[in-house]
Amino acid sequence: MSFNGSKDLVEEGDVVILYIAPSNMHSLEVTPKTLNKKGILVENVFQTVYGALKVASLVGAKYGAKVDLSRGWAYVLQPTSDLWTLTLPHRTQIIYTPDISNIVYLMELEPGDTVIETGTGSGSLSHALINAIKPHGHLYTFDFHEQRVSVADIEFKKHGLERYVTVEQRDVCQTGFGDALEGKANAIFLDLPHPWLTIEHATRCFRKSGGRLCSFSPCIEQVQRTCEKLMSAGFIEIKTIECLQRELTVQYKTVPVLKLECLKSKHTDDNRNENNGKEVGGLERLVTVSHAHSLPGHTGYITIATLPPIGRRSC
Ligand SMILES: C[S@@+](CC[C@H](N)C(=O)[O-])C[C@H]1O[C@@H](n2cnc3c(N)ncnc32)[C@H](O)[C@@H]1O
């Protein structure tokens with residue numbers, strides 16, 4: 001229930017975020033017992049860099065409060081789709097929040113929308129899509145990998161999101177999205193190795209009023225094939241953007257500077273043979289801007305396209 005609305009106190013069964021530092025967060029299910037590696041039920045004790053936490057001790061804690069670890073402390077937070085993206089168990093490559101925010105914006109998602117997504121993968125994007133369209137919208141998410149579908153289904157239920165999402169195992173390139181979704185979707189999102197193979201199936205799922213299709217691909221060759229297919233299927237306003245973050249560091253640095261006034265006086269003084277030139281340069285503390293040493297670099301390309309309303313389609 002904890003993903004779906006806020007509450008004051010941690011209850012048994014909640015999924016919570018244990019926040020130690022911006023780059024050290026964990027998602028935990030608040031259960032007194034857990035299965036160990038040998039499959040035996042044991043006390044649920046979570047180990048962190050600041051020592052152990054008896055997970056059951058979180059029950060009754062106020063969300064946002066400090067909780068004791070055996071050698072320090074952490075904060076217990078309510079989960080959000082963004083925090084889940086940072087802490088979820090990876091079963092595949094996932095889409096991260098900077099790209100997710102672009103995707104949600106470009107698809108123009110609103111509460112009440114019906115959205116189709118494939119593949120579900122680790123459910124990172126799915127949580128953000130649900131967040132954008134609830135409480136009246138619905139996400140239909142597909143993956144052909146049996147275990148990923150069943151784990152995603154369990155997670156959605158644990159997070160109290162089952163009424164907003166339907167997960168189905170299906171090879172969408174081979175069999176499309178099913179007759180029941182024809183004419184139903186406002187928006188469709190593709191994160192697959194062969195997105196172009198789903199475009200014809202996807203086109204049939206849009207409402208009469210049309211909608212937005214968005215595809216995420218790491219390679220430009222995938223983008224080219226997808227855009228070709230989008231053009232021939234009657235999509236318009238086809239645009240691709242590269243997801244590339246360039247972080248800048250603003251800091252004080254002591255740098256050598258050229259003192260032009262000294263230079264001017266040097267020339268004058270040279271004529272009089274009084275200046276040996278040492279005053280021309282100097283060191284100064286200035287605010288500088290440079291690119292960060294580690295760049296996250298390219299994550300992928302987002303292609304966004306519009307399917308016009310039925311009467312205005314060329315195909
Ligand atoms: C990169 S992952 C998606 C990650 C997801 N967007 C996330 O943020 O967690 C791609 C997924 O597509 C699934 N997939 C690949 N081809 C597929 C197909 N033809 N039909 C359905 N799912 C497919 C894979 O099993 C995989 O789980």
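Whatever order the structure lists ligands and atoms in, that order sets their numbers, starting from 1.
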Between the main-chain N or O of [Y] and the side-chain N or O of [X], is there a donor-acceptor pair closer than 3.5 Å?
X	Y	result
Thr240	Thr303	no
Thr166	Tyr140	no
Asp113	Val115	no
Gln222	Pro193	yes

Enumerate the atoms of ligand 1 whose separation from the nearest heavy atom of [X] is less than 4.0 angstrom.
X	answer
Gly119	3 (C), 5 (C), 6 (N), 11 (C), 12 (O)
Pro193	15 (C), 16 (N)
Thr118	21 (C), 22 (N)
Gly123	9 (O)
Gly121	3 (C), 4 (C), 27 (O)
Gln93	1 (C), 2 (S), 4 (C)
Ser122	9 (O)
Arg170	20 (N), 21 (C)

Heavy-atom distance under 4.5 Å between the side chains of [X] and [Y], does that happen here?
X	Y	result
His127	Thr85	no
Glu168	Val149	no
Pro98	Gln245	yes
Asn44	Lys33	no

Just to confirm my output: which protein heavy-atom neighbour is closest to [atom], and how far is it?
atom	result
atom 20 (N) of ligand 1	Val172 N, 3.1 Å
atom 10 (C) of ligand 1	Asp191 O, 3.4 Å
atom 26 (C) of ligand 1	Arg148 NH1, 3.3 Å
atom 19 (N) of ligand 1	Asp171 OD1, 2.8 Å
atom 18 (C) of ligand 1	Phe144 CD2, 3.4 Å
atom 8 (O) of ligand 1	Ile95 N, 3.1 Å

Which option out of Leu197, Asp143, Thr85 puts a heavy atom nearest to atom 13 (C) of ligand 1?
->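 Heavy atom nearest to atom 13 (C) of ligand 1 belongs to Asp143.
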Side chain, backbone, both or neither: which part of [X] comes within less than 4.0 Å of ligand 1 when only heavy atoms are counted?
X	result
Ser126	neither
Arg91	neither
Thr92	side chain
Leu192	side chain
Thr198	neither

Please determine which of Thr141, Val165, Leu161 meets the side chain to side chain contact (heavy atoms under 4.5 Å, CB included) test together with Ser126.
->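 The side chain to side chain contact (heavy atoms under 4.5 Å, CB included) with Ser126 is passed solely by Thr141 among Thr141, Val165, Leu161.
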So which of Leu9, Leu58, Asp14 actually passes side chain to side chain contact (heavy atoms under 4.5 Å, CB included) with Tyr63?
->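 Going through Leu9, Leu58, Asp14 one by one, the side chain to side chain contact (heavy atoms under 4.5 Å, CB included) with Tyr63 is satisfied by Asp14 alone.
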Geometric cation-pi criterion, Lys229 with Trp196: 6.0 Å, 45° =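 Pair Lys229/Trp196 does not count as cation-pi.
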Supply the atom-to-atom distance Arg91 CZ to His145 NE2, rounded to the nearest 0.5 angstrom.
->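 One gets 10.5 Å once the value is rounded to the nearest 0.5 Å.
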Would Phe216 and Leu125 satisfy side-chain contact (heavy atoms from CB on, under 4.5 Å), going step by step from the backbone distance to the final call?
-> CA-CA 11 Å; Phe216 183 90; Leu125 179 70; over 6 Å; no
Is it true that Thr120 lies under 4.0 Å from ligand 1, counting heavy atoms only?
->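 In this structure, Thr120 qualifies as a contact of ligand 1 - some heavy atom is under 4.0 Å.
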